[in-house]
Amino acid sequence: MGEIISGKELSKEIREQVKQRVSELKETYGKVPHLAVVLVGEDPASQSYVRGKERACKRAGMDSTVILKNDEITEDELLQIIGTLNKDDDVHGILVQLPLPKHIDENKVIDAIDIRKDVDGFHPLNVAYMHLGRDAILPATPKGILTMIHSKNIELKGKDALIIGRSNIVGKPVAMLLMKEHATVTIAHSRTQDLKSKCLRADIIVAAVGRPNTVTTDMVKDGAVVIDVGVNRVDGHLVGDCDFDAIKDKASYITPVPGGVGPMTITSLLQNTVECFERIMKQ
Ligand code: NAP
């Protein structure tokens, strides 16, 4: 049976280290990292994500502010809020919870965030730095996935990695980060033909689709590493994109849903907030 990489357990350890770091920073600078989260509208999933982020910040000893706006806010008003947070010396990280209502151009809003405070790593300059292999704030989910892989000393060099999904927030950055660590990367998407044969060649599969049972046990080779990013609700239960129960006997390592990549995403966000704080303080 494969080893389960518990994002929940790993997160506990890392969040403890973050808490420790925050108290050292408080000693040094007399203040703690402060994350400002902007939430527009009343989407229950977004509200729950934001609550989770706020709770995690508080537990790590950081400050967090949630700015709630109803979905009638104009693009200009939202840009003004970002401008104010950019200028506020007591705010070190800015996160705008996506998606935004249709009348607001997400790109404009992301572009407006001060890159030094871009804890999500979505600003185009941060994305460019990451692609160039330069020092960058990494997007939280891909960073969390890499942390999970590193936590088990899983060799990436020369391995075949298949990323299923090509979104800007998961698939593409994961592909880039795995390539940087010398994996040979294939990216699959909705138009990919014969996904099964591509999966069967892979030493590492990262599934980021949003469709249950996209990866079944007959698609996984013995000893493969399976990272399941998907979050799907089936009959009131959360499941990933992979058939966990069947695949766990075949994989060398597998991440569960829930309790896998999800908690690591928030953990990476905390690390990014500390990183932004440190960079700002050293300027
Ligand atoms: P997304 O933007 O909807 O992208 C989904 C990707 O899957 C697209 O590239 C799409 O291809 C591809 N796809 C769709 N059907 C496919 C199929 N049958 N075969 C192969 N590829 C297929 O989603 P996302 O934001 O990347 O998120 C993916 C999943 O991860 C979702 O379930 C989301 O909830 C979850 N997620 C979890 C976390 C976490 O912290 N746990 C964070 C982010 C996302 P096309 O490009 O051709 O459309």
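Heavy-atom basis, side chains included; hydrogens, waters and symmetry copies ignored. In each ligand, atom 1 is the first atom listed, and ligand 1 is the first ligand listed. These numbers were taken from a predicted model, which means no experiment stands behind them.
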message: Please find the pair of heavy atoms, one from S46 and one from Q97, that lie closest to each other, and give the distance.
response: CB-CG, 3.9 Å
State the atoms of ligand 1, each with its element, that fall below the 4.0 Å cut-off from a heavy-atom position in [X].
X	answer
G262	40 (O), 41 (N)
R191	47 (O)
I164	20 (C), 21 (N)
G165	6 (C), 7 (O), 9 (O)

Just to verify, which of [options] counts as forming a side-chain contact (heavy atoms from CB on, under 4.5 Å) with [X]?
X	options	value
K143	Q271, M130, M264	Q271
D241	V206, N232, V215, I164	N232
V220	D243, V225, I205	I205

Starting from [atom], locate the nearest protein heavy atom and write down its residue, its atom name and how far away it is, to 0.1 Å.
atom	value
atom 44 (C) of ligand 1	V170 CG2, 3.9 Å
atom 21 (N) of ligand 1	H189 C, 3.1 Å
atom 1 (P) of ligand 1	S167 CB, 4.1 Å
atom 8 (C) of ligand 1	R166 N, 4.0 Å
atom 30 (O) of ligand 1	V229 O, 3.4 Å
atom 25 (O) of ligand 1	I169 CD1, 3.6 Å
atom 15 (N) of ligand 1	V209 CG1, 3.6 Å

Is a salt bridge present between [X] and [Y], judged by a nitrogen-to-oxygen distance below 4.0 Å?
X	Y	value
R279	D135	yes
D203	K221	yes
K152	E3	yes
E278	R21	yes
E9	K12	yes

Y253 and I227, any side-chain heavy atoms less than 4.5 Å apart: no
message: Taking the side chain as everything from C-beta on, heavy atoms only, tell me whether I4 gets closer than 4.5 Å to T255.
response: no
Side chain, backbone, both or neither: the part of [X] lying under 4.0 Å from ligand 1 by heavy atom:
X	result
R211	side chain
T265	side chain
T214	neither
V231	both

Close approach of T141 to ligand 1, heavy atoms, under 4.0 angstrom: yes
query: Can you tell which of G210, G171, S190 gets a heavy atom nearest to atom 10 (C) of ligand 1?
result: S190
N or O pair under 3.5 Å between L195 and ligand 1: no
